[in-house]
Amino acid sequence: MRAEIIVTGSELLTGGTIDTNSAFLADELLELGIETAFKTAVGDNDKDLEDAFKRARERCEIMVVTGGLGPTEDDITRRVLARILKKRLILSEDALRSIQAVFAAKGRVHPAASDRQALIPAGARMLRNPVGVAPGFFLQEEKKLVAVLPGVPAEMRAMYREELRPVLEEYRGKDLFICRKILHTCGLTESRVNGLLEEVLRQKQPTVGLSAGEGQVDVRILARDRTAARALRSAEKTETAVRKKLGDAVFGVNGQTLEDIMGALLIQRTLTLAVAESCTGGMIGSRITNIAGSSEYFERGVVTYSNEAKTELLGVPAELIERRGAVSREVATAMALGIRERAGTDLGLAVTGIAGPGGGTPEKPVGLVYLALAWERGKKVDEHRFLGTRDQVRQRTAQAALDMVRRYLIA
Ligand code: ATP
Ligand code: MG
């Protein structure tokens with residue numbers, strides 16, 4: 001069963017607004033076993049909309065449209081759609097009542113123009129708007145289904161979840177279940193993961209795919225089956241096969257982040273952490289403190305960007321920096337030991353590196369980064385050579401630093 005998602009609005013085509021609706025919908029449809037075959041973005045132009053609707057209707061069983069339901073002249077979705085479906089627009093009493101109720105609840109008189117939003121094609125059924133004014137609608141005919149949702153993302157999502165999703169569940173039948181698992185990995189390149197998973201990636205069922213982010217490769221497993229239990233079992237079987245190949249590189253599932261996992265491990269082991277950052281300028285501390293409850297294990301983070309700061313705040317000997325350079329194994333280690341001691345934590349993490357684009361030399365190129373970790377009875381320092389822009393080097397450094405702590409905690 002295939003769907004086409006059509007997002008409407010000229011602002012989506014000028015770079016002013018990023019289309020988030022189609023990503024949300026594709027994800028949700030997949031959950032129901034409905035594959036999105038096409039996504040189309042189209043401006044507020046009568047002829048272009050007509051073309052887009054016609055084509056979608058020919059090539060897909062399901063068409064989901066967002067936007068253009070408002071009360072203004074440029075909101076033409078319902079008019080154009082009614083024309084190609086060869087339906088009259090009729091005033092839905094249900095829709096009218098729900099619009100009036102929204103204004104009444106706010107103690108406001110409802111503007112006459114808003115009644116236009118109660119027009120839906122004959123034969124269509126209204127979709128209630130749980131958080132806004134404009135109702136949506138859907139129409140099912142000759143086995144094809146068309147649904148129209150508002151453009152405002154929060155309204156679209158609420159209407160999908162509460163109103164359209166049950167309709168689609170009914171429509172697709174009860175014989176196809178999807179189980180999706182995303183495994184997150186760190187420390188391996190995409191081509192390395194690809195090499196290790198060659199066999200699994202070739203299998204037809206469940207399907208397995210890769211996607212790469214900064215310092216992270218995700219393995220997406222998608223199982224379809226006749227019952228939910230069977231889909232789950234087959235996804236789990238593939239998950240086991242993937243984990244066996246990738247080992248400790250798998251740090252989480254379904255949206256978990258390294259900072260989530262690292263924090264949970266620190267709590268579990270009742271350990272505390274302090275961080276000294278140079279080239280990441282606070283990114284690591286920021287990610288750690290994104291997690292609610294991080295005060296339980298995160299004591300402090302300091303940004304020691306200059307050589308003086310490294311000496312003053314961490315006690316790194318000026319002479320060592322002079323001799324080895326600020327970006328060196330020795331200085332990274334001294335930073336980790338220094339922050340651990342001054343903060344009085346179980347662990348001290350430090351990073352120093354050359355983010356670029358300037359500042360590199362043949363011996364110390366852009367992307368050279370040292371990560372050091374100190375604990376009660378020991379210390380460790382890793383050298384990395386990251387490729388990419390300044391921003392990428394910094395993001396990859398933060399990712400690798402959190403992963404270093406995670407790997408220490410599970411070793
Ligand atoms: P309204 O009643 O507000 O006019 P509408 O259903 O007519 O609602 P639009 O006018 O198309 O919807 O869009 C309303 C708002 O939602 C705009 O700010 C627009 O930028 C945003 N929006 C529309 N489509 C998308 C999309 N695909 N992704 C993200 N934002 C969107
Ligand atoms: Mg609008």
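Values below: all heavy atoms of this structure, side chains included; hydrogens, waters and symmetry mates excluded. When a residue number appears, it is its place in the shown sequence, counting from 1. Atoms within each ligand, like the ligands themselves, are counted from 1 in listed order.
Annotation for Lys379: atom NZ does not count as buried by contact number, only 12 or fewer foreign heavy atoms lying within 6.0 Å. In Gln203, the CD atom is crowded: over 12 heavy atoms of neighbouring residues, nucleotides or ligands sit closer than 6.0 Å.
Residue contacts with ligand 1 include Gly68, since one or more of its heavy atoms lies under 4.0 Å from the ligand. Judged by the shortest distance from any of its heavy atoms, Ile18 lies inside the 4.0 Å radius around the atoms of ligand 1.
Heavy atoms of Thr17 found under 4.0 angstrom from ligand 1 belong exclusively to the side chain. Under 4.0 angstrom from ligand 1, the non-hydrogen atoms of Asp75 all belong to its side chain. With a 4.0 Å cut-off on non-hydrogen atoms, Pro150 touches ligand 1 through its backbone as well as its side chain.
In summary, Glu141 and Lys87 engage in a salt bridge, as defined by a charged side-chain N under 4.0 Å from a carboxylate O. Lys143 and Glu61 are not joined by a salt bridge, as no carboxylate oxygen comes within less than 4.0 angstrom of a charged side-chain nitrogen.
Inclusion of Gly151 in the set of residues having an N or O under 3.5 Å from an N or O of ligand 1 is warranted. Between Leu69 and ligand 1, at least one N/O pair is under 3.5 Å apart. Looking at Pro153 next to ligand 1, no N or O pair under 3.5 Å apart turns up.
Of all atoms in ligand 1, numbered sequentially from 1 with element shown, those under 4.0 Å from a heavy atom of Val7 are 27 (N). Ligand-side atoms of ligand 1 in range of Gly67: 6 (O), 11 (O), 12 (O), range being under 4.0 angstrom from any heavy atom.
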Can you give the donor-acceptor pairs under 3.5 Å from side chains of residues 162-170 to other protein atoms, not counting sequence neighbours?
residue, atom, partner, partner atom, Å
Glu162, OE1, Arg128, NH2, 3.4
Glu163, OE1, Arg128, N, 2.9
Glu163, OE2, Arg128, NE, 3.2
Glu163, OE2, Arg128, NH2, 3.3
Arg165, NE, Glu169, OE2, 3.2
Arg165, NH2, Glu169, OE2, 3.2

Could you pull out every donor-acceptor pair under 3.5 Å between side chains of residues 240-249 and any protein atom, sequence neighbours left out?
residue, atom, partner, partner atom, Å
Thr240, OG1, Glu236, O, 2.9
Arg243, NE, Glu239, OE2, 2.9
Arg243, NH2, Glu239, OE2, 3.2

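A donor-acceptor contact under 3.5 angstrom links the side chains of Asp391 and Gln395, judged on distance only.
Between the side chain of Arg172 and the backbone N or O of Met1 there is no donor-acceptor pair closer than 3.5 Å.
Around atom 26 (C) of ligand 1, the closest heavy atom drawn from Asn21, Val65, Thr8 belongs to Asn21.
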